[in-house]
Amino acid sequence: MTKFRKLNRPTGHRMSMLRTMVSQLVKHERIETTVAKAKEVRRLADNMVQLGKEGSLCAARRAAAFVRGDDVIHKLFTELAYRYKDRAGGYTRLLRTRIRVGDAAPMAYIEFIDRENELRQSKPPTPQPPQRAPLDPWTRSKLTKQFAPPKEEKSSEPEI
């Protein structure tokens, strides 16, 4: 069973609010909300993009059961799936913005990365280190002795 934030709402209201927020995030690609809601929306939006990348009929039905609007589903399975085809995860970014005047709630922008007009540019992917061929045990043993620090010899004299 997964943990999630209850956001001080009954289950029906909370799920309806999160479904609407995920749909609006996919539609507009950036929304402003409180930090706690944005963290929940980020989790659900990443799952929806993952379904879009999967592209099967089952994934389309699962996404259609959650998000609202045919245009949103179409965008998930065409534009966003193509944009993030090489990315393994982390499709959204959370940027804290201000403190809301009425109740001092911390606000944040949540947006999709790798798009036009994004608030902060995404970092380039880290290059993978080159793969080394596995060494046989004798060669590995010689190399570890070569690069290991010299052994300290224990003296038999007691220290006073």
Side-chain angles (χ1 to χ4, degrees), residues 1-135 137 140 143-144 147:
M1 181 161 207
T2 59
K3 292 274 199 175
F4 55 88
R5 292 169 182 82
K6 294 189 179 177
L7 304 173
N8 289 329
R9 286 167 172 78
T11 306
H13 182 192
R14 180 178 61 244
M15 291 309 295
S16 177
M17 177 188 66
L18 291 174
R19 287 175 60 187
T20 303
M21 290 178 82
V22 169
S23 301
Q24 292 301 310
L25 175 64
V26 171
K27 188 174 185 179
H28 300 289
E29 299 197 6
R30 179 193 304 150
I31 57 174
E32 186 180 20
T33 182
T34 63
V35 172
K37 289 178 192 171
K39 287 178 180 179
E40 280 300 303
V41 168
R42 173 176 58 185
R43 193 183 82 176
L44 296 169
D46 284 356
N47 285 344
M48 291 298 115
V49 173
Q50 197 68 33
L51 288 175
K53 283 174 58 176
E54 191 176 319
S56 65
L57 178 62
C58 178
R61 287 180 175 160
R62 287 175 58 197
F66 190 79
V67 296
R68 298 186 168 152
D70 293 336
D71 54 340
V72 174
I73 294 174
H74 184 265
K75 187 171 183 177
L76 267 175
F77 281 81
T78 55
E79 185 180 333
L80 295 180
Y82 179 75
R83 186 188 305 170
Y84 300 123
K85 67 180 181 221
D86 297 330
R87 185 176 283 273
Y91 310 111
T92 53
R93 172 186 300 127
L94 194 75
L95 297 171
R96 295 170 188 258
T97 57
R98 62 189 174 95
I99 302 296
R100 191 162 56 192
V101 175
D103 59 352
M107 302 294 285
Y109 278 117
I110 180 168
E111 69 175 0
F112 283 112
I113 59 174
D114 297 336
R115 66 179 193 93
E116 301 92 25
N117 302 326
E118 57 184 346
L119 297 175
R120 183 187 303 164
Q121 295 296 320
S122 58
K123 297 175 186 174
T126 57
Q128 295 293 328
Q131 294 292 329
R132 296 187 302 178
L135 300 175
R140 187 181 319 143
L143 287 175
T144 56
F147 294 115

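Bear in mind that the values here come from a model prediction, so they are computed numbers and not experimental data. Worth knowing before you read on, the calculation uses all heavy atoms, side chains too, and leaves out hydrogens, waters and symmetry mates.
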Shortest non-hydrogen separation from A81 to G52 and the atoms involved: CB-O, 3.3 Å
Nearest heavy-atom pair of V35 and A108: which atoms, and what distance? CG2-CB, 3.9 Å
Just wondering, do M21 and L44 contact through their side chains at under 4.5 Å, heavy atoms? no
What pair of heavy atoms forms the shortest contact from A105 to T34, and how long is it? CB-CG2, 4.2 Å
When rounded to the nearest 0.5 Å, the distance separating CD of E111 from CD of E32 is 12.0 Å
Dump the intermediate steps for side-chain contact (heavy atoms from CB on, under 4.5 Å) on M17 and L7, then the final yes or no. CA-CA 10 Å; M17 177 188 66; L7 304 173; 3.6 Å; yes
Would you compute the distance between atom CG of D70 and atom NZ of K75 and round it to the nearest 0.5 angstrom? 15.0 Å
What I'd like to find out is whether the side chain of R87 reaches to under 4.5 Å of the side chain of D114, using heavy atoms alone. yes
Considering all heavy atoms, the nearest A63-F77 contact: CB-CE1, 3.8 Å
Would you call V41 and T33 a side-chain contact if the rule is heavy atoms closer than 4.5 Å? no
Go through it in stages, so that I can follow the logic: the residues are R30 and I110, the test is side-chain contact (heavy atoms from CB on, under 4.5 Å), and I'd like the CA-CA distance, side-chain angles, deciding distance and then a yes or no. CA-CA 6 Å; R30 179 193 304 150; I110 180 168; over 6 Å; no
Mind checking side chain to side chain contact (heavy atoms under 4.5 Å, CB included) for N47 and listing every partner two or more places apart, or none if nothing turns up? none
Measure across I99 and P106 and return the closest heavy-atom pair with its distance rounded to 0.1 Å. CD1-CA, 3.9 Å
Could you walk me through whether Q50 and Y84 pass the side-chain hydrogen bond (donor to acceptor under 3.5 Å, both in side chains) test, one step at a time? CA-CA 9 Å; Q50 197 68 33; Y84 300 123; over 6 Å; no
Less than 4.5 Å apart, side chain to side chain, heavy atoms only: is that true for F66 and L51? no
For residues 4-24, which residue pairs pass the salt bridge (Lys or Arg N to Asp or Glu O under 4.0 Å) check, not counting sequence neighbours? R5-E40
Between T78 (side chain only) and H74 (backbone N and O only), is there a donor and an acceptor less than 3.5 Å apart? yes
Shortest non-hydrogen contact between A45 and L25, atoms and distance: CB-CD2, 3.7 Å
Answer whether the closest heavy-atom distance between the side chains of K27 and R68 falls below 4.5 Å. no
Sequence-distant partners of K53, salt bridge (Lys or Arg N to Asp or Glu O under 4.0 Å), two or more places apart: none
Does the pair R62/E54 count as a salt bridge with the N-to-O cut at 4.0 Å? no
Under 4.5 Å between any side-chain heavy atoms of V49 and L76, yes or no? yes
Nearest 0.5 Å, what's the OH-CG distance between Y109 and L95? 9.5 Å
